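Down below is the structure, laid out as structure tokens.
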There are 2 protein chains.
Amino acid sequence: VSSSQDGTPRSTEHERIARLSARFATNAPEVRLGIGDDAAWLAPDLVLSVDAQVEGVHFLPRFAPYDVLAERAAIAALSDLAAMGARPLAMLSSLILPRTLEDAALDQLHEGLARAAERYAAPVIGGNLAAGSELALSTTVLGRADAPLLRTGARPGDGIFVTGHVGERALGLRALLADRHDAALTTFVDAWLHPTARIAEGLALRGVASTCIDVSDGLLADLGHVLVASQVGAELELSALPFAPGFEAACALLDLDALALALDGGEAYELVFTATTPPSIAATRIGTIRAEPGVVLRELDGSIRPHATTGFDHFRT
Amino acid sequence: VSSSQDGTPRSTEHERIARLSARFATNAPEVRLGIGDDAAWLAPDLVLSVDAQVEGVHFLPRFAPYDVLAERAAIAALSDLAAMGARPLAMLSSLILPRTLEDAALDQLHEGLARAAERYAAPVIGGNLAAGSELALSTTVLGRADAPLLRTGARPGDGIFVTGHVGERALGLRALLADRHDAALTTFVDAWLHPTARIAEGLALRGVASTCIDVSDGLLADLGHVLVASQVGAELELSALPFAPGFEAACALLDLDALALALDGGEAYELVFTATTPPSIAATRIGTIRAEPGVVLRELDGSIRPHATTGFDHFRT
């Protein structure tokens, strides 16, 4: 447990989730998997997860119209179903609304949720409205998965793969926070505003991937969850990281380290998975599972260095 | 749509739920019932609901230790399963935590959730932690219901029943808000702090009740939802309202109208149901369903007056 600046015990998000996970351990026969993976798994084939996006923490209202922010919040939650190899079934939305929020804004929030619901065939079947001092969008997602993709099961020698690009959404968020509208940054801002839940990819990975997780905290942090759960380590090839076209130049515009964004940037909603054989979906192999715990990075010059896993922590930033 | 004091359109909670309900209508084959009842109903027998409790809106931290507040928040959500005649299966908890919240407080929140989980055999299978400016506890509940109790189906002549007492929890909240600790108020404060989700009663009402709802907005407001859904009206006998011992005297201590609290006080989590024959569970008959729309109140002197349904609105108070 860490201590905050004023000396009171406030642990990190990861420590807090570990405590929560321990406190809510259950032997209920219908619960095949409780807290600790991307989603819970109920017998026979239901998976459930909840995710919240809070104004001032995950987004600022000036970033985009409310429909875009709400669609994004729903997609962030649906991404956990993708990481389980689940087909979306339904969503429930708990909205905390500032009292000053106008009806037009609420209609926009609904519009964005409805768009995600239609795009992912996950009807919004329940909701709750409550007042509060800041906008918060909490989305519960329910899906079907006959063979969920878990975090346990990675074996030495398995390839490590990632869908899409690394770091591009983290860069988009930095551009939004800096209120920068350079043409070279637009594509990354758009990537942040309009993520994709990799549902089709998750479904295609059933029976193929040995583990799967979505990048919400950061590539290294989320891979770290898999490594701990599977009791293995990993070697990552930095030269293999899939950068989007123009990514490094755009990072330079904001004085950002492209590699750091790629390894530690969160909210990417890409899938990181391990597999013995190359998968049939579009993905890039970025490394290999090793027996030795921890992560080693193979640098561009071929040298190797160990890396401590890090990631975004809502309670530290 | 109403207008707020500054003239911008901000509709009431009820209007907002109606809009939400319309926007999220779905024909998905697995959705037997979407937004609009106490919970959604998925084929074959799943019901789901979400409820949020926000600091400064639903409670103040000074009301009780965090474990009590968290247990209460979970019970408020579970009450919707009771109103559907469902057996709880699992819960997911989305917590928004002030950055200053200490680990001991978080442990207390978990403790309260775990207590509700154990009491109602509803393990917490998923959760999310996010930072925010105020504490908000959003709970998704999942249950099994082979024959859900809906809001449609009340027929003229059906009796109207309520479990427990009316108004006692609303009185407890008023005492907490006024920071009053008179001995005569203690029992009502305790009732507010420690509600019961009427799961056993809901299960016993399957096949017996023609409709069922839990009192969250207020007796008249929630009965009003049933009347609208069933396209009927009601006559309530004010002399039949089940007051807890000492209720009227305690209301007088705070200069409150006992009848108004009984009819309009929210967050009671008692079940209001209609049935042709008297139920086997402990409940009080408080009126009769009529064919004519609207609610008429039979006063203590036998006279009759119409009553507009009202209730607690988070966006108006």
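Residue numbering restarts at 1 for every chain, and letters A, B, ... go by the order of the sequence lines. Here the structure is a predicted model, which means the values were calculated and not measured.
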Would B/Leu60 and B/Leu177 count as a side-chain contact (heavy atoms from CB on, under 4.5 Å) if you check the C-alpha gap in whole Å, the side-chain angles of each, and the deciding distance to 0.1 Å? CA-CA 8 Å; B/Leu60 296 173; B/Leu177 286 169; 4.3 Å; yes
Is any side-chain heavy atom of [X] less than 4.5 Å from a side-chain heavy atom of [Y]?
| X | Y | value |
| --- | --- | --- |
| A/Leu135 | A/Phe59 | yes |
| B/Met84 | B/Cys212 | no |
| A/Phe24 | B/Met91 | no |
| A/Leu101 | A/Tyr66 | yes |

Counting only non-hydrogen atoms closer than 4.5 Å, does [X] touch chain A with its backbone (N, CA, C, O), its side chain (CB onward), both, or neither?
| X | result |
| --- | --- |
| B/Glu134 | both |
| B/Glu118 | side chain |
| B/Ser49 | backbone |
| B/Arg144 | side chain |
| B/Ala52 | both |

With chain A, which of [options] has the greatest number of heavy-atom pairs at distances under 4.5 Å?
| options | value |
| --- | --- |
| B/Val124, B/Ile96, B/Thr140, B/Leu142 | B/Val124 |
| B/Leu89, B/Val54, B/Ile125 | B/Ile125 |
| B/Pro123, B/Ser133, B/Ala121, B/Ala136 | B/Ser133 |
| B/Val50, B/Asn27, B/Leu46, B/Thr26 | B/Val50 |

Strictly less than 4.5 Å between heavy atoms, which residues of residues 105-115 of chain A line up against chain B? Please order them by number.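 Within residues 105-115 of chain A, near chain B: A/Leu106, A/Asp107, A/His110, A/Glu111, A/Leu113, A/Ala114.
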Quick check for you: among A/Arg23, A/Glu55, A/Gln53, which has the greatest number of heavy-atom pairs under 4.5 Å with chain B? A/Arg23
Let's test your reading of the structure: which of A/Ala117, A/Gly34, A/Ala28, A/Ala39 forms the most heavy-atom pairs below 4.5 Å with chain B?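 Top count of heavy-atom pairs under 4.5 Å with chain B: A/Gly34.
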With no hydrogens and no angle check, do the side chains of A/Ser138 and A/Ser94 hold a donor and an acceptor under 3.5 Å apart?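 The answer is no; no qualifying pair exists.
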Return yes if a side-chain donor-acceptor contact under 3.5 Å exists between A/Asp51 and A/Thr139, otherwise no. no
From CA spacing to verdict: side-chain contact (heavy atoms from CB on, under 4.5 Å), A/Val31, A/Trp41: CA-CA 6 Å; A/Val31 181; A/Trp41 176 21; over 6 Å; no
Check the pair B/Val215, B/Glu267 against side-chain contact (heavy atoms from CB on, under 4.5 Å), reporting the backbone distance first and the verdict last. CA-CA 6 Å; B/Val215 179; B/Glu267 300 190 296; over 6 Å; no
The test is salt bridge (charged side-chain N to carboxylate O under 4.0 Å, His left out); show your working for B/Arg87 and A/Glu30 and say whether it passes. CA-CA 13 Å; B/Arg87 182 174 66 80; A/Glu30 279 140 334; 3.6 Å; yes
Does the ring of A/Trp192 carry A/Arg72 above it, NZ/CZ under 6.0 angstrom from centre and within 45° of its axis?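 Yes - A/Arg72 lies over the ring of A/Trp192, closer than 6.0 Å to its centre and within 45° of its axis.
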